Structures are given as structure tokens and as C-alpha cells.
Trainee: 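Below are the C-alpha cells for one structure; questions will follow.
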Amino acid sequence: MALKGLDIFKLTPKTNCKECGSPTCMAFSMKVAQGAVELSKCPHMSEEALATLSEATAPPMKTIKVGTGDAEYTLGGETVLARHEKTFVSKPRFAVHVTPDMDVDAVLAEADKVDYDRIGERMHAEMVYVECNGDADAFVETVKKVTGKGKVLVLSCKNADAVKKALDVCKDEKPIINSADASNYAEMVEIAKAAGVVLGVSGADINELYDTTAAIEKLGFKDLVLDTTGATVKETFATTVQVRRACLAKDPDRTFGYPSIVNLSKVAPNDEAMQIALASVFILKYGSIIVMDTMNYARGLALFGLRQNVYTDPQKPMKVEPGIYPINGGDENSVVLTTVDFALTYFVVSGELERSGVPCNLAISDAGGLSVLTSWAAGKLSSTSVSKFIKEEVEPKIKSRKLIIPGKVAVLKGDIEAKLEGWQVIVAPNEAVQLVKFLKDLQANGEI
């Protein structure tokens, strides 16, 4: 941050109104300086002060929004080079590469097979990278085929007329036109301005990329992404890392303060193993958009898991939404199991329940995103909290009156039964892996 808390405080209204959620304007200023609170939280800041502070406190890397609706994504906005320093902000997005000479429908259909939820996050290829192979009309037809698919489009074409025609088809979806270089940047800036879209910039090397980006900024246009793809893997990696380091150094160079595109279809064409390896590298160092030939489970399971682990804020617990989750066709007559909202616990338990094949309902209550024993020790998982959740959320929807609780909090059984009239409480095994045999045995004995 360019300003300290006291600098920010001098520009606040100093009313101590508490409407921002902080007890005083000084406390608010300190939080803004730490990056914990947005300036917009203060409803009484003058326009002049907001303009001054917004510029001074903006991250060295510009935040760029692309796409619309459910397919709107944020790129950039990073403030650190390593996750342990603070946290990463905007996760990389994956794009599937298509050209007019491909069977575009087949490529997209294959990629769309990978679409699943993991710890409350949808895992799928969010973008389509459409590359022109020289035939402008075929390029536009390909853009028509991929428009309206719920994915952000990245249009790679140096032909200004073709780009204009393509934007006539898809500009409402807020695509990226990855089209500017040293030879055409002025014309492409005008096209991007007119359409209100983000412009991608490339260069023959890092020096040309820098000079072209600086020239575009002088034209007053800053909605940019930088294509850091080089002729080789080595050059691509070096450019991508140097761009990020330049904008996040102690004395940042904001000319390089933009998200990046890394095109693996160019540096490792038709090499699935190499693309997976390189994608894992650029998740860490520092691709904002990673372009691949396709997306399948061999790629997705590994890459999405890595991305989620790296781009999850370590200061915030990973939680799932409290509620009732039917498993194996569970209905209102199926047995109820309960556990905490810690994401890892939920996915381990739900996976074993699915493996059992027994219809059931998994009731998740709010335990602060903590594990079973931790939430019990902290008082967030108690007989009172469980019984209250069952009465308010489960009883109106579920006819079954059998509740299975985690084995590690078996001590709660008596209190829960006392507070839940008509319910039979069953204690599960200590380990989730034992749930399969446990449920099958209960089902075979007619106990559930």
C-alpha cells in the first residue's frame, strides 16, 4: 500500500459513525491500510477523497473483470509473489483451445464432461480460446459456434475486420480480444474501447511487450491482459515470472501490472503430459489464463485440486453451506446423519456414504468451519446446537426420527436424545472409512 493508516485517516470524514462496521474512523483507516476492508465500506467519504485513496491504495496489479453473469470472472489484483506472504486473490482460469479447422462442437463436448463441485466450488474449463488460422470468415463462424455456451471467449486474431465482425456476435458476453501487438495496437485499442472489452497484448519478446503496453497506456486504455507466451517453454516461464516480479517488487512497475495469458497449446502442442505438467507450474507461477488443447479428467482432477489448494485463503476455514444433503436417493423417510461444515470432513464423510449405497440424508450444521473435535472443544458442536438445528431445519422436512452422530462426540448422545423428543440417536464409528460397513449392517438388521 502506498498510504499508511494515518494518511488514510486524514481523508476520512472523522464522524466515527460506525456505519462501516468499525468503531472509529481511525480503526477503519487501519483496516483499509492492511487491506482488510474496502474503501467503499465508508458511506460518507467524499468523491475527491475516494478518488485519491482509490489510486493510492490500489494493488500494483490491476483487477480486470471479464465475462458476464454466472460466467463473470476476476483476474489479477495480486499483491504478493508467494502465497505464504499473504494470500493469492484471483485464481487462474482454464481455456480450451479451438481453431476453425477443428470439430469445435466435439472439443467443447469433451471439455464439458468435466464439470463437478469440490468443496463448494465448481470445477470446469471457464473459457474458450478461439484462434484465427488465417481465414477471417471461418474465424467468425467459429466464434458464432462458441458464443452462448456460458464460457468467457478469448479471441486471438490480428485481423481488425475479423475482430470487429466477431465482436458483433459476442461483445455482449464481454470477451477478451487477444489481438494487440507492436504493429496494430492503436487500431486494436479503438476496437476494444468501442466494444467495451478487455484487450490482450503480446510482443516478440519481453521488451517489446513492455514497450507496447506502455504505448497503450499512453492512449488512456488500461483494461489489459498480457500474453506472456513465448516461442519456447523456457522463454514463456521467464517472461511470465519477470512480468509478475516487476509489478510486485518493492518499487513496482505498474506498466506490467496486469493479468497474464499463457498458451500451452502453442508451447506444447498435442502433448497432454507436458501440458498438465506446465499447467501445474503456471498455476503457481503465474498464469491468470491457462490455455490447453482440451479439458478431461486426467487434466482436471489434478489441476483443479492444485488450484483450489493454492488459491484458498489459509486464514479462512473451508466450509460448506449448512443444510440437508440427500445421498444415494435419500428422501424424507431416510435416516439422518449429522456432522460439521468443515469442507474436508464433509467430503470425506459424503464420499463414504455414497460408497455405502444406503439412502440417507446428511445434515450439516454451522460449526464455524472447524473439524468435529475442534468444534466440540470450542463449543460450536454441542447437544444444544445439534438439537436446535434438527428441530428447526430437519424435522419440518424429514419424517425419519433416527439420527446418527459422529463417533468422536459420542458423549453428546444422551443430551441430544433428551432434547429431541421422539428421536433415536445412534453413534457412528470414529472413522469415516468405517461408515460403509456400519450403514450396511444397520440396513441389513432393519435398524434404518
Side-chain angles (χ1 to χ4, degrees), residues 116-123 317-448:
Y116 62 96
D117 287 335
R118 182 176 188 267
I119 316 182
E121 181 183 337
R122 185 184 176 193
M123 302 297 187
M318 298 175 70
K319 301 169 60 175
V320 295
E321 284 294 316
I324 303 172
Y325 295 81
I327 295 177
N328 298 327
D331 57 24
E332 62 182 9
N333 297 309
S334 302
V335 65
V336 179
L337 298 94
T338 189
T339 191
V340 293
D341 58 348
F342 179 43
L344 182 58
T345 298
Y346 168 80
F347 280 96
V348 169
V349 170
S350 63
E352 295 301 322
L353 296 182
E354 288 177 4
R355 201 161 64 87
S356 75
V358 177
C360 57
N361 296 294
L362 183 56
I364 302 295
S365 59
D366 185 356
L370 304 175
S371 65
V372 172
L373 285 178
T374 306
S375 59
W376 172 66
K380 293 183 178 292
L381 178 64
S382 64
S383 59
T384 300
S385 67
V386 171
S387 59
K388 181 181 179 182
F389 181 78
I390 296 298
K391 284 180 180 179
E392 293 179 355
E393 302 297 332
V394 178
E395 284 189 353
K397 303 170 186 175
I398 304 295
K399 292 181 181 178
S400 172
R401 290 298 180 262
K402 293 187 177 181
L403 175 66
I404 300 176
I405 64 173
K408 291 182 178 178
V409 289
V411 66
L412 300 179
K413 179 179 186 298
D415 285 345
I416 293 175
E417 282 186 325
K419 292 173 180 176
L420 289 178
E421 185 177 350
W423 283 80
Q424 177 188 355
V425 177
I426 303 170
V427 177
N430 283 341
E431 303 300 331
V433 71
Q434 299 171 307
L435 282 172
V436 175
K437 182 178 184 305
F438 174 74
L439 287 176
K440 286 183 176 180
D441 288 346
L442 289 179
Q443 187 180 54
N445 295 331
E447 297 180 51
I448 58 173

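In this text the structure is predicted, and so the values were computed from the model without any measurement. The basis for the numbers below is simple: all heavy atoms, side chains too, and nothing from hydrogens, waters or symmetry mates. The chain is numbered in sequence order, starting from 1.
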Trainee: With a cut-off of 6.0 Å (strictly less than), are more than 12 heavy atoms of other residues, nucleotides or ligands near CH2 of Trp376?
Mentor: no
Trainee: Specify the closest pair of heavy atoms between Val358 and Gln443, including all atoms of both residues, with the distance to one decimal.
Mentor: CG2-OE1, 3.8 Å
Trainee: Just how far is it from atom CD1 of Ile327 to atom CG of Leu353, taken to the nearest 0.5 Å?
Mentor: 4.5 Å
Trainee: Would Lys419 and Asp415 pass as an ion pair if we require N to O under 4.0 Å?
Mentor: no
Trainee: Would you name the heavy atoms of Asp366 and Gly368 that are closest together and state the gap between them?
Mentor: OD1-N, 3.0 Å
Trainee: Does a side-chain heavy-atom distance below 4.5 Å link Arg355 with Val433?
Mentor: yes
Trainee: Would Lys380 and Ser385 count as having a side-chain donor-acceptor pair, cut-off 3.5 Å?
Mentor: no
Trainee: Of all heavy-atom pairs between Leu370 and Val340, which one has the smallest distance, and what is that distance?
Mentor: O-CG2, 3.3 Å
Trainee: Determine the minimum heavy-atom distance between Leu439 and Ser356, stating which atoms define it.
Mentor: CD1-OG, 3.7 Å
Trainee: Take atom NZ of Lys402 as the centre, draw a 6.0 Å sphere, and report whether it contains more than 12 heavy atoms from other residues, nucleotides or ligands.
Mentor: yes
Trainee: What is the minimum heavy-atom distance between Ile398 and Ser334, and which atoms define it?
Mentor: CG2-O, 4.0 Å
Trainee: Just how far is it from atom CD1 of Ile404 to atom CG of Asn361, taken to the nearest 0.5 Å?
Mentor: 11.0 Å
Trainee: How long is the span from the CG atom in Leu403 to the CD1 atom in Ile426, to the nearest 0.5 Å?
Mentor: 8.5 Å
Trainee: Could you tell me which non-hydrogen atom of Asp117 sits nearest to which non-hydrogen atom of Arg122, and how far apart they are?
Mentor: OD1-CA, 3.4 Å
Trainee: Please list all pairs passing the salt bridge (charged side-chain N to carboxylate O under 4.0 Å, His left out) test where one or both residues lie in residues 326-339, with sequence neighbours left out.
Mentor: Glu332-Lys399
Trainee: Rounded to the nearest 0.5 Å, what's the gap from CG on Leu381 to OG1 on Thr338? Could you check?
Mentor: 7.5 Å
Trainee: Can you tell me how far apart CD1 (Ile324) and CG (Leu362) are? Round to the nearest 0.5 Å.
Mentor: 10.0 Å
Trainee: I want to check something: taking the side chain as every heavy atom from C-beta on, are Ile416 and Trp423 in contact at a cut-off of under 4.5 Å?
Mentor: no
Trainee: To the nearest 0.5 angstrom, please state how far the OG atom of Ser365 sits from the NZ atom of Lys388.
Mentor: 11.5 Å
Trainee: Of Leu412, Leu420, Val425, which meets side chain to side chain contact (heavy atoms under 4.5 Å, CB included) against Ser387?
Mentor: Leu420
Trainee: Less than 4.5 Å apart, any side-chain heavy atom of Thr339 and any of Tyr346?
Mentor: no
Trainee: State whether Arg118 and Glu121 are salt-bridged, where the test is any N-O pair (Lys NZ or Arg NE/NH1/NH2 against Asp/Glu carboxylate O) under 4.0 Å.
Mentor: no
